[in-house]
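Remember, it's 1-based here, ligands and their atoms both numbered in the order they're listed.
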Amino acid sequence: MRGKFISFEGGEGGGKSTQAARLAGYLRSKGLEVVETREPGGTKQGEELRDLLVQGDPNRWHPYSELLMMTAARVEHVNRLIEPALEEGKWVICDRFFDSTLTYQGIAGGLGLDVVRPMQQMAVGKTVPDVTFLLDLREDAGLQRAEKRGGAARFEKKEAAFHRDVRDGFLALAAEDPKRIVVVDAENTFDAVWQQIEGVMQERFKL
Ligand code: TMP
């Protein structure tokens with residue numbers, strides 16, 4: 001049987017990676033085979049593109065170049081890793097997927113969903129997440145947490161208005177597609193956030 005595809009989304013510092021790792025452990029404890037991965041990245045090609053994308057000056061790339069590189073990394077990821085794993089019955093947990101491109105490049109980056117959306121549909125085909133957890137928090141709280149952790153500094157350096165648009169963008173996508181995108185209040189404690197995720201997983205997938 002085909003595996004399930006779960007993505008985690010949100011602004012900076014929302015705790016996506018930690019919750020994704022916890023979910024992976026939970027699914028493994030149920031006897032499922034799980035692949036944990038991230039975007040941009042997840043393949044050798046994607047990780048090479050990631051180095052170009054997440055480091056350096058915030059204005060290092062023209063927004064269209066950024067869109068094309070994010071999407072190129074995704075095409076490699078879907079074709080080499082995600083889709084083959086799902087076909088083998090593995091469950092795939094991905095830290096960010098195409099909603100990040102819709103929000104960061106399409107909405108906050110100003111390229112427009114009319115440009116970004118068709119390109120994402122072309123890049124992923126039928127490989128759409130079964131469920132997406134949006135870890136939502138105030139952007140200033142998230143940026144503070146992200147700064148402490150270090151990491152994808154190029155986007156963190158963008159101005160406050162950009163991060164507000166990222167948050168609003170994600171919430172707008174969730175309002176459009178509430179069946180797939182589950183909004184979780186990431187200002188809650190780690191355990192409270194996890195309990196909500198676990199509850200949704202049990203209900204949707206009868207775990
Ligand atoms: P992260 O791994 O810490 O989430 O960092 C990845 C950064 O790249 C984050 O700031 C969001 C950004 N990003 C985009 O702008 N568009 C995308 O499509 C993806 C996957 C990430």
List ligand 1 atoms under 4.0 Å from [X], heavy atoms only on the residue side.
{"X": "R74", "result": "18 (O), 20 (C)"}
{"X": "Q105", "result": "14 (C), 15 (O), 16 (N), 17 (C), 18 (O)"}
{"X": "T101", "result": "17 (C), 18 (O)"}
{"X": "E39", "result": "20 (C)"}
{"X": "R50", "result": "1 (P), 2 (O), 5 (O)"}
{"X": "K16", "result": "4 (O)"}

Could you pull out, from P40, G42, G10, G46, the option with a heavy atom nearest to atom 21 (C) of ligand 1?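 Ranked by closest heavy atom to atom 21 (C) of ligand 1, first place is P40.
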
Measure the [atom1]-[atom2] distance between [X] and [Y] for me, rounded to the nearest 0.5 Å.
{"X": "T37", "Y": "R96", "atom1": "OG1", "atom2": "CZ", "value": "13.5 Å"}
{"X": "F8", "Y": "D95", "atom1": "CZ", "atom2": "CG", "value": "8.5 Å"}
{"X": "E66", "Y": "T71", "atom1": "CD", "atom2": "OG1", "value": "10.0 Å"}

Does a side-chain N-to-carboxylate-O contact under 4.0 Å join E47 and R38? yes

If you measure from the Lys or Arg side-chain nitrogens to the Asp or Glu carboxylate oxygens, is any gap between R2 and E83 under 4.0 Å? yes

cation_pi(R74, F97) dist<6.0 Å, angle<=45: yes

With respect to E12, determine whether any N or O atom, backbone or side chain, lies less than 3.5 Å from an N or O atom of ligand 1.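 Right, the criterion is met.
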
Measure the distances from the heavy atoms of E156 to every atom of ligand 1 and state whether one is below 4.0 angstrom.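 Under 4.0 Å: no for E156.
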
So, do V35 and W91 sit near enough that their side-chain heavy atoms are less than 4.5 Å apart?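 V35 does not reach W91 side chain to side chain.
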
